[in-house]
Amino acid sequence: MTASAQPAPAAGPVVGLDLGGTKIAAALLAADGTVLARHSRPTPAQEGAAAVLDALAAAAAEVDPTRGASVLGIAAAGVIDPRTGMVTSATDSIRGWAGTPLGVGLANRTGYAVACDNDVRATAGPELAALNARTAGHGSLLFAAIGTGVGGAVAADGRMLHGSAGIAGHLGHVPSPEAAGLPCTCGATGHLEVIASGPGIAAHYARLTGAPVDRLETVAARAAEGDAHAVTAITTGAAAAGHVLGGLANAFGPDRVVIGGGVPRIGALYADALRAAFAAELMGPLRGLVPQAPLLGHDAAVLGAASLTITLPLHHPGALR
């Protein structure tokens, strides 16, 4: 595998890809971030890594049929090491995804130079850029994405942290007392994700009531109707997230804490419980720090993916041929 040591800004448009377990989103972006073209398609998640790489390449071709771009950035599910371009770990939401040479595998299929990173870190990239713009390049950021899982990103003194094998920022696998004894998808027990994610909150409601529910929104609707068990499931998950994030804030000292993903959108019951638990953990110098919503909307991931091409190593075609 080959990668340039110092990425150079692209002279023209950039392709941005966002790979999730159910959907691939693609965009062609101008240098100023304007979206010139969009495309989405289902992720062939159960057909194996080669099929997923082929689908990613096809999505890129849809948004850049005239080959105006020369570089591509991808924000991908899983633990991604941007230096090697490898998927170093992944759940079974994409079959056979762990061990995939994402960078050069996609470069060989498309002909683009490719930069890659975890989807949450890529989404957090524009947040860090905005923070750095007002902190003279020294912003520190704690970013959490709470949805089907719990992901995250951590930046210190203006730089995104990647860590060994690209694992930095996996906040869902921090121990949580509220999750004690519950099995986690990573194989351990008692991690934040199993109590604070959308499926985790729904599962907790089912444990409290003995009645399984299909989705988080069902729990939220029942909480709004006064169901005490639904209220407990939501506030327990929210408080668990708030306690962990408050403790991590003490460890990293962020200028800004951002909480995105689908779970926070269920309403004030969740947000209030998370913020109260977060505030209860903070040391004196951080009191007054309040978690915020993301600055960007649905385009955050593809914008962040495109920006990877100017901040991370580029993986070039030919390395696997």
Side-chain angles (χ1 to χ4, degrees), residues 3-10 14 16 18 29 31-33 71-76 79-85 88 103 113-145 150-172 174 244-261 278 281-297 299-315:
S4 62
Q6 296 295 327
V14 178
D18 174 29
L29 298 110
D32 64 358
V71 292
L72 179 155
I74 176 167
V79 181
I80 312 297
D81 187 340
R83 291 159 292 200
T84 65
T88 61
V114 174
C116 54
D117 205 352
N118 166 265
D119 50 357
V120 180
R121 274 200 302 260
T123 302
E127 297 279 345
L128 178 60
L131 182 58
N132 280 339
R134 62 181 178 82
T135 59
H138 296 289
S140 292
L141 173 72
L142 178 59
F143 184 102
V150 177
V154 178
D157 295 327
R159 298 181 61 185
M160 193 70 70
L161 304 183
H162 292 89
S164 177
I167 205 166
H170 277 74
L171 309 183
V174 174
V244 164
L245 293 171
L248 290 171
N250 290 335
F252 288 101
D255 301 293
R256 179 171 163 82
V257 176
V258 177
I259 301 178
F278 177 84
E281 299 293 341
L282 297 180
M283 297 174 65
L286 292 179
R287 286 176 191 150
L289 183 65
V290 177
Q292 304 290 330
L295 295 172
L296 301 175
D299 285 331
V302 291
L303 287 168
S307 70
L308 298 176
T309 61
I310 60 173
T311 61
L312 292 178
L314 296 173
H315 304 274

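Position 1 is the first residue of the sequence, and the numbers go up from there.
Within the structure, salt bridge (Lys or Arg N to Asp or Glu O under 4.0 Å) contacts touching residues 132-143 (residues at least two apart or in different chains) do not occur. Within the structure, the salt bridge (Lys or Arg N to Asp or Glu O under 4.0 Å) test picks out no pair touching residues 159-170 (sequence neighbours left out).
Judged by distance alone, the side chain of His138 and the main-chain N or O of Thr135 form no donor-acceptor pair under 3.5 Å. Side-chain atoms of Thr88 come within 3.5 Å of backbone atoms of Ala165 as a donor-acceptor pair (strictly under, hydrogens ignored). Looking only at distances, a side-chain donor or acceptor of Asn132 sits under 3.5 Å from a matching main-chain atom of Gly139. Using modelled atom types, one side-chain atom of Glu127 and one backbone atom of Leu295 make a donor-acceptor pair closer than 3.5 Å. Looking only at distances, no side-chain donor or acceptor of Arg83 sits under 3.5 Å from a matching main-chain atom of His162. At least one donor-acceptor pair under 3.5 Å links the side chain of Arg121 to the backbone N or O of Gly166.
Here Gln292 pairs with nothing under the side chain to side chain donor-acceptor pair (under 3.5 Å) rule; sequence neighbours left out. Residues passing the side-chain contact (heavy atoms from CB on, under 4.5 Å) test with Asp255 are Leu131, Ser140, sequence neighbours excluded. Annotation: side-chain contact (heavy atoms from CB on, under 4.5 Å) contacts of Ala122 (sequence neighbours excluded): Ala75, Leu308. For Leu286, the side-chain contact (heavy atoms from CB on, under 4.5 Å) partners are Ala249, Asn250, Leu282, Leu289, not counting sequence neighbours. With sequence neighbours left out, Pro291 forms a side-chain contact (heavy atoms from CB on, under 4.5 Å) with Val257, Ile259, Leu274, Arg275, Phe278. Asp299 meets the side chain to side chain donor-acceptor pair (under 3.5 Å) test with Arg38; sequence neighbours excluded.
Scanning all heavy atoms of the two residues, the minimum distance from Ala306 to Leu29 falls at CB-CD1, 3.7 Å. The minimum heavy-atom distance linking Ala168 with Gly163 is given by the pair CB-N, 3.8 Å. Scanning all heavy atoms of the two residues, the minimum distance from Leu303 to Gly33 falls at CD2-O, 3.5 Å. Closest of all the heavy-atom pairs between Leu171 and Ala144 is CD1-CB, 3.9 Å.
In this structure, SG in Cys116 is found 8.0 Å from CG in Asp81, a value given to the nearest 0.5 Å. Distance CG/Asn118 to CE/Met160: 10.0 Å, rounded to 0.5 Å.
Between Phe143 and Leu128 the shortest side-chain heavy-atom distance does not fall below 4.5 Å. You'll find the side chain of Val150 stays beyond 4.5 Å of the side chain of Val174, heavy atoms only.
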Evaluation steps, side chain to side chain contact (heavy atoms under 4.5 Å, CB included), between Thr123 and Asp18
CA-CA 9 Å; Thr123 302; Asp18 174 29; 5.9 Å; no
